[in-house]
Amino acid sequence: MQELRIRRPDDWHLHLRDGAALKAVLPFTAQRFARAIVMPNLTPPVTTTAAALAYRERILAALPAGAQFTPLMTLYLTDLTTPAEIDRALDSGAVYGAKLYPAGATTHSEAGVSDVRRLDAVLERMAERGLPLLVHGEVTAAEVDVFDREARFIDLVLAPLVERTPTLRVVFEHVSTRAAVAYVCAARAGVAATVTPQHMLLNRNAMFRGGLRPHLYCLPVLKTENDRVAIIEAVASGNPRFFLGTDSAPHARHTKENACGCAGIFSAHAGIELYAEAFEQAGMLARLEDFAASFGADFYRLPRNTATLRLQRRDWSPPAHYGFGEHTLVPWRAGESIAWSLAP
Ligand code: DOR
Ligand code: ZN
């Protein structure tokens, strides 16, 4: 049996939710990843350092006994965020990024930023003090085709912002298009991107295979095969600007299988195994370790982990659902197979 031993990975983009949902999903991540950048899109959103610290305590309290896992907290930027809040975040030592959700772009983004120019002073302070900006890169205008929203965001918002604030470090989260990959490759130093397993393994046909597949609906939405190939090529090149961020985003089953289903794919139950599959398919298993365990840590200026994780090439099948508080949660690949497993 083929076995792979890699440095223990980190997840640089993760949704953990809160309360019973947090308790249900956190063990999957803690089993695989040493650290995760925890997204702040709770209701209400995590807009202050005080809220981030309190959320961090709830995450630590929800960890299974003996787990070795460190949550890296983020702030949710709004039109009202102040430079002083950025100072408090950095002084706390627990906040590692601030997230820009364009208002209305995705799940729980209603309180997001209406016009990034309102953030100039905040971004300036982040640049000065070295707090990365994490970007959900999609425009929100209803008239823009949903498949064009990421590409449009680069020209209208991201590229000008990156040039206006030349020392700000920026993560273009969950890149989904050839345009985003090209932008990140050519951008100035300090611009990087996270890559999800779904944008490596699937194109938009997957959402419509034999009928509508709500559990494969996420934002940014899956794109074309041409876009998927561009993402694979960027990762295969070993470019350190591209690193692992699952964007695992749990939603209760009834809110996905719904006349107006939520965006989000739950992948934490196989958060490294799915990448192993994608890397094997692309003939680049040797690149997995740096993508999963080195490039992100280097970008965030954190030490690389020293522990290791073992994976085996052994098929397994996720169950039809997991518990999710009083509800259930349908994991990606439920009832199908995944080619790689954690070694026992
Ligand atoms: O699919 C998504 N789900 N995309 C996001 O940007 C948010 C996330 C969530 O929180 O469910
Ligand atoms: Zn996300």
Side-chain angles (χ1 to χ4, degrees), residues 10-19 21-22 24-26 29 33 36-47 55 71-77 96-113 132-140 146-147 149-150 153 157-158 170-177 180 192-202 204 206-207 213-223 243-258 260-268 271 274 296 324-325 327 329-332:
D10 303 301
D11 186 349
W12 300 102
H13 184 129
L14 176 68
H15 298 271
L16 284 176
R17 314 304 190 206
D18 212 344
L22 164 65
V25 299
L26 179 60
T29 293
F33 296 99
I37 285 278
V38 180
M39 288 296 132
N41 62 332
L42 305 182
T43 34
V46 180
T47 55
Y55 185 27
L72 308 174
M73 309 312 294
T74 60
L75 278 191
Y76 183 114
L77 296 172
Y96 291 82
K99 179 80 188 259
L100 168 61
Y101 285 108
T106 187
T107 307
H108 303 150
S109 64
E110 302 77 14
V113 174
L133 176 71
L134 318 182
V135 181
H136 184 108
E138 292 191 286
V139 296
T140 56
V146 66
F147 292 99
R149 287 181 184 180
E150 184 175 273
F153 184 86
V157 184
L158 187 59
V170 177
V171 184
F172 195 161
E173 301 287 349
H174 40 56
V175 284
S176 69
T177 55
T194 52
V195 180
T196 75
Q198 62 263 29
H199 294 105
M200 292 187 81
L201 283 164
L202 302 176
R204 63 194 188 183
M207 281 185 298
R213 305 263 177 178
H215 297 289
L216 296 181
Y217 171 56
C218 64
L219 287 171
V221 73
L222 297 170
K223 302 296 194 305
F243 48 81
L244 184 155
T246 61
D247 200 13
S248 177
H251 290 274
R253 176 177 189 162
H254 68 282
T255 66
K256 297 278 299 170
E257 299 174 8
N258 190 289
C260 185
C262 296
I265 296 178
F266 180 68
S267 60
L274 289 158
F324 190 56
H327 302 291
L329 169 67
V330 178
W332 184 12

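Here, residue 1 is the first one in the sequence, and each next residue gets the next number. When a ligand or atom number is given, it counts from 1 through the structure's own listing order. These numbers come from a predicted model, not from an experiment.
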Problem set entry | Part of Lys99 within contact of ligand 1 (heavy atoms, under 4.0 Å) | neither
Problem set entry | Count, waters excluded, of protein N, O or S atoms under 2.8 Å from the Zn ion (ligand 2) | 3
Exercise. Are Lys223 and Ser176 close enough that a side-chain donor and a side-chain acceptor fall under 3.5 Å?
Worked result: yes
Exercise. What heavy-atom pair brings Leu216 and Met207 nearest, and what distance separates the two atoms?
Worked result: O-CG, 3.5 Å
Exercise. How far is atom 9 (C) of ligand 1 from its nearest protein heavy atom, and which residue and atom name does that atom have?
Worked result: Arg17 NH2, 3.4 Å
For this session: Report the residue from Leu222, Leu274, Asp247 that forms a side-chain contact (heavy atoms from CB on, under 4.5 Å) with Thr196.
Result: Asp247
For this session: Could you tell me the residue and atom name of the protein heavy atom closest to atom 5 (C) of ligand 1, and the distance to it rounded to 0.1 Å?
Result: Thr106 OG1, 3.0 Å
Exercise. Any idea which of Pro250, Ala249, Cys262 brings a heavy atom closest to atom 8 (C) of ligand 1?
Worked result: Ala249
For this session: Could you tell me which atoms of ligand 1, counted from 1 in the order shown, lie closer than 4.0 angstrom to a heavy atom of His136?
Result: 6 (O)
Seminar exercise, completed: The closest protein heavy-atom partner of atom 3 (N) of ligand 1 is Ala263 O, 3.0 Å
For this session: Would you mind telling me if ligand 1 is within reach of the side chain of Asn41, the backbone, both or neither, using heavy atoms under 4.0 Å?
Result: side chain
Exercise. Quick one: does His251 get a heavy atom under 4.0 Å from ligand 1?
Worked result: yes
Exercise. Got a second to check how far Thr194's OG1 is from Glu173's CD, nearest 0.5 Å?
Worked result: 3.5 Å
For this session: Write out the residue and atom name of the closest protein heavy atom to atom 4 (N) of ligand 1, then the distance separating them to 0.1 Å.
Result: Leu219 O, 2.8 Å
For this session: Write down the atom of Ser248, the atom of Phe266, and the distance for their closest heavy-atom approach.
Result: OG-CD1, 3.3 Å
Exercise. At their closest point, which heavy atom of Phe324 faces which heavy atom of Ala252, and how far apart are they?
Worked result: CE2-N, 3.4 Å
Exercise. Shortest non-hydrogen contact from His251 to Leu329?
Worked result: O-CD1, 3.3 Å
For this session: For residues Pro250 and His15, determine if any side-chain heavy atom of one lies less than 4.5 Å from a side-chain heavy atom of the other.
Result: yes
Seminar exercise, completed: Interatomic distance, OG1@Thr74 vs OH@Tyr96, rounded to 0.5 Å, equals 12.5 Å
